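Nothing here was measured: the structure is a model prediction, and the numbers come from that model. The basis for the numbers below is simple: all heavy atoms, side chains too, and nothing from hydrogens, waters or symmetry mates. When a ligand or atom number is given, it counts from 1 through the structure's own listing order.
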Amino acid sequence: MKINAIITIQIFFVLWAIRSSAQQTIPEVESLLSKMTIDEKIGQLNLVTPGGGIATGSVVSTNVEAKIKAGQVGGLFGISGPEKIKMAQDYAVKHTRLGIPLFFGSDIIHGYKTTFPIPLGLSSSWDMELLRKTAEIAALEATADGVNWNFSPMVDIARDPRWGRIAEGAGEDPYLGSEIAKAMVNGYQGNDLAATRTMMACVKHFALYGASEAGRDYNTVDMSKIRMYNEYLPPFKAAIEAGVGSIMTSFNDVDGVPASGNRWLLTELLRQRWGFNGFVVSDYTSVNEMVAHGLGDLQAVSALALKAGLDMDMVGEGFLTTLRKSLEERKITEEDITAACRRILEAKHKLGLFQDPYRYIDTKRPQRDILTKEHRKIAREVAAQTFVLLKKHRNTLPLKKEGTIALIGDLANSKNNMLGTWAPTGDPQLSIPILEGIKNVAPNANILYAKGANITNDTVMAKNVNVFGPRVVMDARSPEEMRKEAVEVAKKADVVVAVVGEASEMSGESASKTDLDLPETQKKLIRALVLTNTPVVLVLMSGRPLTIEEEMELPVSILQVWFPGVEAGNAVADVLFGAYNPSGKLTATWPLNVGQIPIYHSIKNTGRPQPSSTFEKFKTNYLDAPNEPLLPFGYGLSYTHFEYFDVHINKDQVGPEETVSVSVTVKNTGDYSGHEVVQLYLRDVVRSITPPKRALKGFKKIFLKQGERKTVTFDLRPNDLKFHNAKLNFVSEPGDFEVYVGTDSNTELKTTFKLVE
Ligand code: BGC
């Protein structure tokens, strides 16, 4: 009787499993698969670019037209525009035996033609609706140009500002990174992937790319599973939970096996543990690069990648040229190829391409949907919300719209540097430089402009960053002559606005640096301007945290503006003249010097914490520098002032399934209205693996008029108390918790509660 019952239950589960797996397959795709030859299936796994985007490797695809017509291509990237896309789609649909449509990818990292600020800047807004909106606009514009698959969001946690690609992500924190990942995926994909104004997102780079040793791009990564699960993987998991359609592997190795060939990563974790059912694409030639990593020849690494769970091979054509041989030699099975092909076809199905391969092609749309006035207006508003006021000196800011303003700096009048890294679909010539923006916003002010200094005088550096066009332009004059002119201009003015920092390609891919100071020639310029005694405002541009200890100590105000995008000048002017009160908060810690890196707020206590910033022998510290960064995570000032008080918790004890609410009152006690990002950090005082001193677990952006106060309430839910333990189970453990709320990660405003069993 008992045995019968067990057998019945087992049969039920087998049938249920068969049924649910059958439910997941798409009849149209299965029927197509049944007609396809091996070569046709392999062709679908091949992603090529005919050029036109950024070739980030040494290889670009050749004979693209012939390959598409031969059924050897599943998708294209780096082309856009209804005419070109129609032509390529015709090759696939009209010339191949089964007429399987292509999909069209692109790197739309921070806007399509309406370029928004770089992602590190966007993250500094801490505004999820704003971020979602930027992605929605990017999708509307890209799909108007025929693109339906986007290699974004980049969600790599980065705690090393030497790494140039820190510019492309959301900074150091897994909680904030996860919220941003969800917002971006929702913005790109909307509710319906087949809609002609949404595109499939591709979350990247899976995984751990941001932890490249020494901040050197494409470098080795070696990390414990505990750190991976708790700190580096959460944004990917969040993107998957938000329904992201595809995922891109990273260049680095994970536990000794490059991500593109790592079965644990791509199958056991991604599909079996997390239940991801989209497709996986390699990064640019990352399959081939496993040869250089030392894992075998092209045939071996291609087979390894397919077996690991990689579905699509970007540019390298290892799949195209070697999988058939591997099949004949029984190194892979037909089912391996079919499974990958199925996922590609399912993506095409989700995009509605089988219903109509030309659905994203409409010659009327580019004119109607791309770079509209409305989009530019939003780009301007968004950019203003990403700027971080790093330092206020006296009441120089906001500026008055009258009198004489000395505008100094190459970056003040440089269209080529406004968009920032990874903006291949944007047009720098359409961007508003700061000089123009200031004239637009303060037409009655007298503006005197002087270049003052080259961005750098290092000619080798200039050559290395000028690969996509002139970003660093060397002046014919000597540095002394340029500085002299700037000083003279400054002396005539009521205020100096010096736009200083990096050129846009000093951060981004293959743009790592070991020195994060401002270039020496700009430092000299700043010192000279300060000596004029005219009040100085530094507008700082960079794609990463910089080491600006000296500038922070000077009597100047500093506004960090990242690379603000197509509306750069207008947005900067809006903030300088007070139309928008700065509210951005840093999403990556700014180090005091390069020796402190890697640096981030959620550090552990260690067994020998140093109680103050004074050096103590045999404590965790440095002989020659404090442990504290220059600027903490979450930091950012406002023209007004916010006071925090009355932190309150609704219960002292909570059970594991209960929610606890923490509230705090914030009052605007300064002279301007403004936004404030209220932050909540949690400390799990005792647990089975060493906890971080604080972890971000909540934030809310509020608006307070002058004199206004609001009470902000955060709900800490059961999952917020959980972490991955030594067995990698996601658990909470009973004990004391400390909750910190305030204006940045250093806040001391605290309450406590106990988690009971
Ligand atoms: C980058 C990716 C990008 C790809 C395609 C690679 O070099 O790492 O982020 O999506 O090129 O352009």
Distance under 4.0 Å to a non-hydrogen atom of [X]: what atoms of ligand 1 satisfy this?
X    : result
D283 : 1 (C), 2 (C), 3 (C), 4 (C), 6 (C), 7 (O), 8 (O), 11 (O)
F77  : 5 (C), 12 (O)
M314 : 5 (C)
K204 : 2 (C), 3 (C), 9 (O), 10 (O)

Could you label the plane-to-plane angle of the W562 and W590 rings as parallel, tilted or perpendicular, counting under 30° as parallel and over 60° as perpendicular?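 Correct class here is perpendicular.
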
Does H205 have a non-hydrogen atom less than 4.0 Å from ligand 1?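 A heavy atom of H205 does come that close to ligand 1.
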
Can a side-chain donor-acceptor contact be found between [Y] and [X] if the only test is distance below 3.5 angstrom?
X    : Y    : result
Y232 : R227 : no
Q429 : N416 : yes
E213 : T220 : no
S414 : R471 : no
W149 : S246 : yes

Does ligand 1 have a heavy atom under 4.0 Å from the side chain of [X], from its backbone, from both, or from neither?
X    : result
M248 : side chain
E168 : neither
W422 : side chain

